[in-house]
2 protein chains.
Amino acid sequence: MGDNHAETVRLLWGPHTKPSRGPRPTLDLDRIARAGIEIADAEGLAGVSMQRVAAQLGVTKMALYRYVPGKAELVALMVEAAIGPYPAQDPQPSGWRGQLADWARCLFAAFQRHPWTLDATIGPRVMGPAELGWMERAVSALDGTGLGGAERMDAVVLLVGHVRGITQQARAAGPAGTPEAELSGILADLMRAQGERFPALAAAFASAEQTGGRDQAWEFGLQRILDGLAVLIDQREH
Amino acid sequence: MGDNHAETVRLLWGPHTKPSRGPRPTLDLDRIARAGIEIADAEGLAGVSMQRVAAQLGVTKMALYRYVPGKAELVALMVEAAIGPYPAQDPQPSGWRGQLADWARCLFAAFQRHPWTLDATIGPRVMGPAELGWMERAVSALDGTGLGGAERMDAVVLLVGHVRGITQQARAAGPAGTPEAELSGILADLMRAQGERFPALAAAFASAEQTGGRDQAWEFGLQRILDGLAVLIDQREH
DNA sequence: ATTAATCGTGTCCATCGGACACAGTTAACG
DNA sequence: CGTTAACTGTGTCCGATGGACACGATTAAT
């Protein structure tokens, strides 16, 4: 369990000094990260092992340890590369609300492109420049509102929590045919069998099934959060 | 990777038929779950292994497989036992807002008592009766508001997302002296060094440090969510 | 040409989750 | 009161994992 934080910082933030002597490195951090991402996208984070990544790159697993101190650091690199820099929008919305909504939707899309990032970003960890860039964008969207520094960060944390929550439940629904889809059926069966023990839940479930379209949870929560922020911001402006 | 969902349902929802013949079982699911929880509370979920749990109970690891099909199911039992049934409140608040706030605070407290539940509840999974009981309570708190079934569930998901988000960042702060506390310092150093690249973030950080009291992120987000729900509910009532 | 740094690799280890066979224990049935 | 069938706990074995370490090959600076 060598989670050397200092080493992780060096890996994520550089500098990456080129070796002066010795054979040319056949790999580099970027290729390694991309190989890991490729595997994680296809088979989930559980499918990512040193040997698996090494095989993808055509080398032995021990070759990887020349570049990365351990698996934890590899995953950190993968997250940083997978999330990438915040995509610059051509027409930047003017108000804080539009900017934050855009930002959240971008983040949500990024999480859905790489669902394993959920598993990889559990618990305390070191963030890289790309990830901090995202944070910067969100916090700066709230500049000019009457919110204090702590409040601006709290608001961003709130949004990130929602993105993560929805990503998780979206993964549970999953595309039809996958083993994840089986879960929906199991839950439905459970609700039918235990309906009397959970009347409100069963009613809500039935009503939701009848109304048809799910997948509104994302927009619902996003608008609630933005509404809640608007209430506070309006009240600060007066 | 035998994640037999049907078996998990049977374990969590019963029935647990007593064996008619053969030696008395020396263990039961409850003791096993509690042993696992004890370890996870002390050393995190990573410290929970079959051998470790078995040692805690004074048996061999293979003895556990008589009760639990695999580690995934053991973790499911641990989560169910750790979260426990929703604690009945003596004076139940009258309005939906008070009820939801109470509920969220209880859930937050439960997550903080067992931080590893964050790691254990990633991704699609089968929920047990205790967990569904919590959901039931939250959904029923929204009965009588003009919200539809899907909306009531979306609102609960939104709250859970916030609880999880804050639990995660609370764990990052951690008590002083722990290796987690080191992260705050690293992040602070990073902000100082890269301040120009992330001006808004650095400003918010500095302002937050100056204002002193952090730990408001929880209440901040909770009130924003409730405010946002109130906006919708008010508008539905008219 | 020599040397020192850096490379990729092979070998070794502890630990993990899990499969399986085996012997001991116990309750039901004749 | 035997017999038997079911069930228990355990020991042994396996493949895969993350990682330590030493080795020989390669290359740039001297």
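In what follows, chains are A, B, ... by sequence order, proteins preceding strands, each numbered from 1.
- Of the listed nucleotides (C/dT25, C/dA27, C/dC7), C/dT25 has the atom at the smallest distance from the side chain of B/Pro23.
- Taking atom CE of residue B/Met50 and atom C1' of nucleotide C/dA19, one finds them 14 Å apart after rounding to whole Å.
- Residues passing the side chain to side chain donor-acceptor pair (under 3.5 Å) test with B/Arg137, sequence neighbours excluded: B/Gln92, B/Gln99, B/Ser140.
- Rotation axes derived from the C1' atoms of the five outermost pairs at either end of the helix from C/dA1-D/dT30 to C/dG30-D/dC1 lie 10° apart, to the nearest 10°.
- Taking the side chain as every heavy atom from C-beta outward, A/Leu187 and B/Val126 never approach each other to under 4.5 Å.
- Candidate nucleotides C/dC7, D/dA16, D/dG19 were compared by shortest atom distance to the side chain of A/Gln51, and D/dA16 ranks first.
- Comparing B/Pro25 and A/Ser49 by the nucleotide of DNA chain D whose heavy atom lies nearest to each, the residue mapping closer to the 5' end is B/Pro25.
- Only B/Val59, B/Thr60, B/Met62, B/Ala63, B/Arg66, B/Tyr67, listed by number, bring a heavy atom of residues 53-70 of chain B to less than 4.0 angstrom from any atom of DNA chain D.
- Side-chain contact between B/Ile225 and A/His162: absent, with no pair of heavy atoms (C-beta onward) separated by less than 4.5 Å.
- The stretch residues 12-21 of chain A comes close to DNA chain D through A/Ser20, A/Arg21, each having a heavy atom under 4.0 Å from the strand.
- Residue B/Arg52 places none of its side-chain N or O atoms closer than 4.0 Å to OP1 or OP2 of C/dC16.
- In this structure, A/Arg113 has no side chain to side chain donor-acceptor pair (under 3.5 Å) partners at least two apart in sequence or on a different chain.
- The side chain to side chain donor-acceptor pair (under 3.5 Å) search around B/Arg192 returns B/Asp189, not counting sequence neighbours.
- Under the side chain to side chain donor-acceptor pair (under 3.5 Å) criterion, B/Gln89 pairs with B/Tyr86, not counting sequence neighbours.
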Listed pairs under 3.5 Å, donor-acceptor, residues 49-60 of chain B side chains, sequence neighbours left out:
residue, atom, partner, partner atom, Å
B/Ser49, OG, B/Arg52, N, 3.1
B/Arg52, NH2, B/Glu43, OE2, 2.6
B/Gln56, NE2, B/Glu38, OE2, 3.2

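- Take A/Leu100 and apply the side chain to side chain contact (heavy atoms under 4.5 Å, CB included) test, not counting sequence neighbours, and it matches A/Trp96, A/Ala138, A/Ala141, A/Leu142, A/Leu159, A/Leu226, A/Leu229.
- With sequence neighbours left out, the side chain to side chain contact (heavy atoms under 4.5 Å, CB included) criterion links A/Leu29 to A/Leu11, A/His16, A/Tyr67, A/Val68, A/Leu77.
- Screening residues 4-24 of chain B for salt bridge (Lys or Arg N to Asp or Glu O under 4.0 Å), with sequence neighbours left out, gives B/Glu7-B/Arg10.
- As a whole-Å value, the separation of B/Glu43 CD from C/dC16 P is 11 Å.
- Taking B/Arg31 as the reference, nothing meets the salt bridge (charged side-chain N to carboxylate O under 4.0 Å, His left out) condition, with sequence neighbours excluded.
- Regarding A/Lys71, its NZ atom lies at a distance of 14 Å from the C1' atom of C/dT15, rounded to whole Å.
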